[in-house]
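Here is the structure we will look at.
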Amino acid sequence: MSDPFKLFNTLGRDKQVFEPIDPGHVRVYACGPTVYDYAHIGNARMAVVSDQLVRVLRHIYPKVTYVSNITDVDDKILNRAEELGVEMKDITQKYARIYNQDMARLGVGLPDLQPKATEHIQSMIEMIQRILANKGGYVDGGHVYFDVRSLPAYGGLSGRTLDELNEGVRIEVSEHKRHFGDFVLWKPSQDHEVGWQSPWGRGRPGWHIECSAMSFASLGLPFDIHAGGVDLVFPHHENEIAQACCATGNQSLDAYAKILGTNGFVMHEGQKMSKSIGNILLVHDLVKEHAPVVLRLLLLKTHYRQPLNWTSQGLENAKLLFQRILDIFSIQQPQMGTINQDVWAALLDDLNTPLALVHIEALIRKIRENGYLSEDVNQLYASVVFLGLMDADHLAVVDLPSPGEIEALLAKRELARKSKNFKVADHIRQSLLKQGVEILDTAGKSTWKYRL
RNA sequence: GGCUGGGUGGCAGAAUGGUCAUGCUGCGGACUGCAAAUCCGCCUACGCCGGUUCGAUUCCGGCCUCAGCCUCCA
């Protein structure tokens, strides 16, 4: 029997035992990226966390459906397209493809469904119609707004009241809105802008409606877990919930998703990542200099709800840890075993990956002390694979010399050593090290291994 | 101004009302042509002030401070 899986619910803010709505089919949705540029490490954090969550769920439940959308209609994309003088589609298709490629390198499995906003306009229109029928919105000059005052529980996720919202207002409120907290469900498009026909004229959807409509269309409401970054809690998730509550006629905030999982921000060397500072870390660039597995490892080294400080030292530490794992496998070839119990227990406790990694480290120590028992090594292997850290693809590091080349140099060095020509021997060691190969001198003969 | 969530040793980062987190780094040692790996030993913590308690890093209150959100954002 497995221990219960506990998860922190941002809705209500407490850690609770996860009980699926239907144990025969667990349903998860994560807010995916707006595809108008390369994915940054923050996008990757959400993807890796969700991926790890889904791995755990799949290990417990027979069927899990994981949906994560691609936002491919949005003003940022429109602006970018206009700047470049291309179609919106040209941009979104390119970056959606790159996003999936980058995430795959981080060991993130493709979602079971990856709906695109532009392919679900009809679902959105239908949901807006339901909201209007339930008196949760109003139409004004081609705009459709959600009426936040129609939902008494509005603000319950982020913990703010409509009055508090009022105090925070720093932007000019559109004259169409009846309450500054109201948000747009549908907005008119200019002739040159992308648009779709709707009961309210030619236009395009507001940002929040797509997730409500696509999760409804692909998973049904309510579903089990909705994941996303902290910055989305307000207003995005708050508004998604409000729309779903209104459309389904259920005023309870958990009528959308039972659990809202929220991952923390990524900082870069202690600073906020932002375009103005110019310190945005793109996965696309990071994988050029680091083994992708190390990036995933670093993302898992911080608990998903904590802010993650991305530093070069952290990267170095993650690399060392992975190297130690590799060292064990180079001494004792692993076979698939079962996941280490402590690692598993840590994951069951609100996806505590840093604690799981501590247990991995303890297991490494145990393996060394006990003389590389295959049972332990297999356990380590299974655990590492479960964390998405080991997979043939992740071990690939570009431009490494082939075993043949290495053996030839090693033989040459062996001759040099025999004749005590250590200068030559050391030179060979140094040059190979620069190419990512480390020589290990042992009593019998010298061996080598790839070094990250 | 309002709302969230944090503040643990040089760094990263967990748990916990009372004997060890752990890893990396640093220092000392074993081993070693060199370089590693490995092993042994050592040093640094719990933002501040009160309270509850026999005892608090852990619970409560206040304060300071950091970050995020309130405008697009993972």
Side-chain angles (χ1 to χ4, degrees), chain A residues 10 13 30-34 36-37 39-50 68 71 74-77 79 155 157-161 163-173 180-181 207 227-236 238 262-267 270-275 280 298 301-321 323-324 327-328 330-331 346 349 352-362 364-365 368-369 417 420-423 425-427 429-430 432-433 438-443 446-449 451:
Chain A
T10 305
R13 293 172 205 280
C31 287
T34 301
Y36 69 108
D37 207 340
H40 54 70
I41 198 69
N43 296 307
R45 186 178 196 193
M46 167 265 149
V48 166
V49 166
S50 300
S68 188
T71 298
D74 169 276
D75 287 353
K76 288 193 295 290
I77 306 173
N79 294 340
L157 173 68
S158 55
R160 50 192 104 193
T161 64
D163 288 342
E164 283 164 359
L165 272 178
N166 211 346
E167 293 180 40
V169 73
R170 298 198 309 227
I171 49 157
E172 208 173 310
V173 178
F180 65 84
W207 175 37
V230 258
D231 50 332
L232 293 182
V233 170
F234 189 90
H236 187 55
E238 191 80 72
T262 305
N263 68 266
F265 227 71
V266 177
M267 310 224 292
Q271 270 192 315
K272 177 187 171 165
M273 267 204 311
S274 79
K275 288 194 174 147
I280 303 261
L298 185 50
K301 275 199 80 164
T302 299
H303 184 87
Y304 75 95
R305 287 196 279 123
Q306 295 288 114
L308 188 158
N309 189 13
W310 189 274
T311 63
S312 56
Q313 194 180 1
L315 218 38
E316 195 54 37
N317 279 353
K319 187 171 142 185
L320 282 170
L321 173 55
Q323 184 69 53
R324 285 188 298 144
D327 288 350
I328 287 187
S330 67
I331 290 170
D349 186 9
N352 194 337
T353 51
L355 190 58
L357 289 166
V358 163
H359 292 305
I360 295 269
E361 287 167 344
I364 290 172
R365 174 166 271 267
R368 288 169 176 167
E369 283 174 356
R417 290 179 79 203
K420 304 250 185 235
N421 191 346
F422 294 125
K423 202 168 175 182
D426 287 351
H427 177 75
R429 167 185 294 289
Q430 287 305 322
L432 273 175
L433 194 56
E438 181 170 23
I439 295 173
L440 305 159
D441 290 337
T442 60
S446 299
T447 58
W448 59 274
K449 68 178 182 185
R451 193 176 170 87

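Here is how names work: the chains are called A, B, and so on, in the same order as the sequence lines, proteins then strands, and each is numbered from 1.
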Students often get this wrong, so: under 4.0 angstrom with heavy atoms, is [X] touching a base, only sugar-phosphate, or nothing?
| X | result |
| --- | --- |
| A:G159 | sugar-phosphate |
| A:T34 | sugar-phosphate |
| A:G229 | sugar-phosphate |
| A:D74 | nothing |
| A:L232 | sugar-phosphate |
| A:V358 | base |
| A:V266 | base |
| A:G264 | base |
| A:T302 | sugar-phosphate |
| A:L357 | nothing |

TODO: Search all heavy atoms of A:T262 against all heavy atoms of A:G229 and return the closest pair with its distance.
DONE: CG2-C, 3.9 Å
Could you check how far [atom1] of [X] sits from [atom2] of [N], rounded to whole Å?
| X | N | atom1 | atom2 | result |
| --- | --- | --- | --- | --- |
| A:Q313 | B:rG26 | CD | P | 10 Å |
| A:R324 | B:rA36 | CZ | C1' | 15 Å |
| A:R305 | B:rG13 | CZ | C1' | 15 Å |
| A:L320 | B:rG13 | CG | P | 16 Å |
| A:H303 | B:rG13 | NE2 | C1' | 12 Å |
| A:L315 | B:rG13 | CG | P | 13 Å |
| A:L157 | B:rC69 | CG | C1' | 12 Å |
| A:D349 | B:rA21 | CG | P | 20 Å |

Open item on the list: For A:G314, is there any backbone N or O sitting under 3.5 Å from a side-chain donor or acceptor partner on A:T311?
Closed with: yes
- [ ] Report yes or no: does A:S158 contribute a side-chain atom to a donor-acceptor pair with the main-chain N or O of A:F234 at less than 3.5 Å?
- [x] no
Task: Atom pair CG (A:L432) and CD1 (A:I439), whose distance is rounded to the nearest 0.5 Å - done: 5.0 Å
Open item on the list: Using 0.5 Å steps for rounding, measure from the CG atom of A:L298 to the CZ atom of A:R45.
Closed with: 9.5 Å
Task: Axial cation check for A:F422 ring with A:R417, 6.0 Å and 45° limits - done: no
Determine the interatomic distance between [atom1] on [N] and the same-named atom on [M]; round to the nearest Å.
| N | M | atom1 | value |
| --- | --- | --- | --- |
| B:rC46 | B:rU57 | C1' | 4 Å |
| B:rG23 | B:rC40 | P | 10 Å |
| B:rU19 | B:rG2 | P | 40 Å |
| B:rA15 | B:rG9 | P | 16 Å |
| B:rG13 | B:rA21 | C1' | 10 Å |
| B:rC70 | B:rG50 | C1' | 33 Å |
| B:rG17 | B:rG55 | C1' | 8 Å |
| B:rG61 | B:rA45 | C1' | 24 Å |

Give a yes/no answer on whether the side chain of [X] brings an N or O atom under 4.0 Å of OP1 or OP2 in [N].
| X | N | value |
| --- | --- | --- |
| A:S158 | B:rG5 | no |
| A:N317 | B:rC11 | no |
| A:R429 | B:rA36 | no |
| A:R417 | B:rC34 | no |

Could you work out which one of [options] sits closest to the side chain of [X]?
| X | options | value |
| --- | --- | --- |
| A:H40 | B:rA74, B:rG5, B:rC3 | B:rA74 |
| A:D441 | B:rC34, B:rC24, B:rA74 | B:rC34 |
| A:R365 | B:rA74, B:rG13, B:rG23 | B:rG23 |
| A:E438 | B:rA36, B:rA67, B:rA74 | B:rA36 |

Open item on the list: Should the side chain of A:D75 and the base of B:rC72 be counted as holding a donor-acceptor pair, with the cut-off at 3.5 Å?
Closed with: no
- [ ] Determine, answering yes or no, if A:F265 is stacked on B:rA67 under the 5.5 Å centre rule and the 30° plane rule.
- [x] no
TODO: May I ask you to check whether A:D426 and A:Q430 show a side-chain donor-acceptor distance below 3.5 Å?
DONE: no
Task: Whichever of A:F234 and A:D231 has its nearest RNA chain B nucleotide further upstream toward 5' - done: A:F234
Task: Nearest-nucleotide comparison on RNA chain B, the residue closer to the 5′ end among A:R13 and A:Q306 - done: A:R13
Who does [N] pair with, Watson-Crick or G-U, both distances under 3.5 Å?
| N | answer |
| --- | --- |
| B:rC59 | B:rG51 |
| B:rA67 | B:rU4 |
| B:rC27 | B:rG41 |
| B:rA12 | B:rU22 |

TODO: Could you tell me whether A:R429 and A:D441 make a salt bridge, using a distance below 4.0 angstrom between a side-chain N and a carboxylate O?
DONE: yes
Task: A:E361 and A:R365 ion-paired at < 4.0 Å - done: no
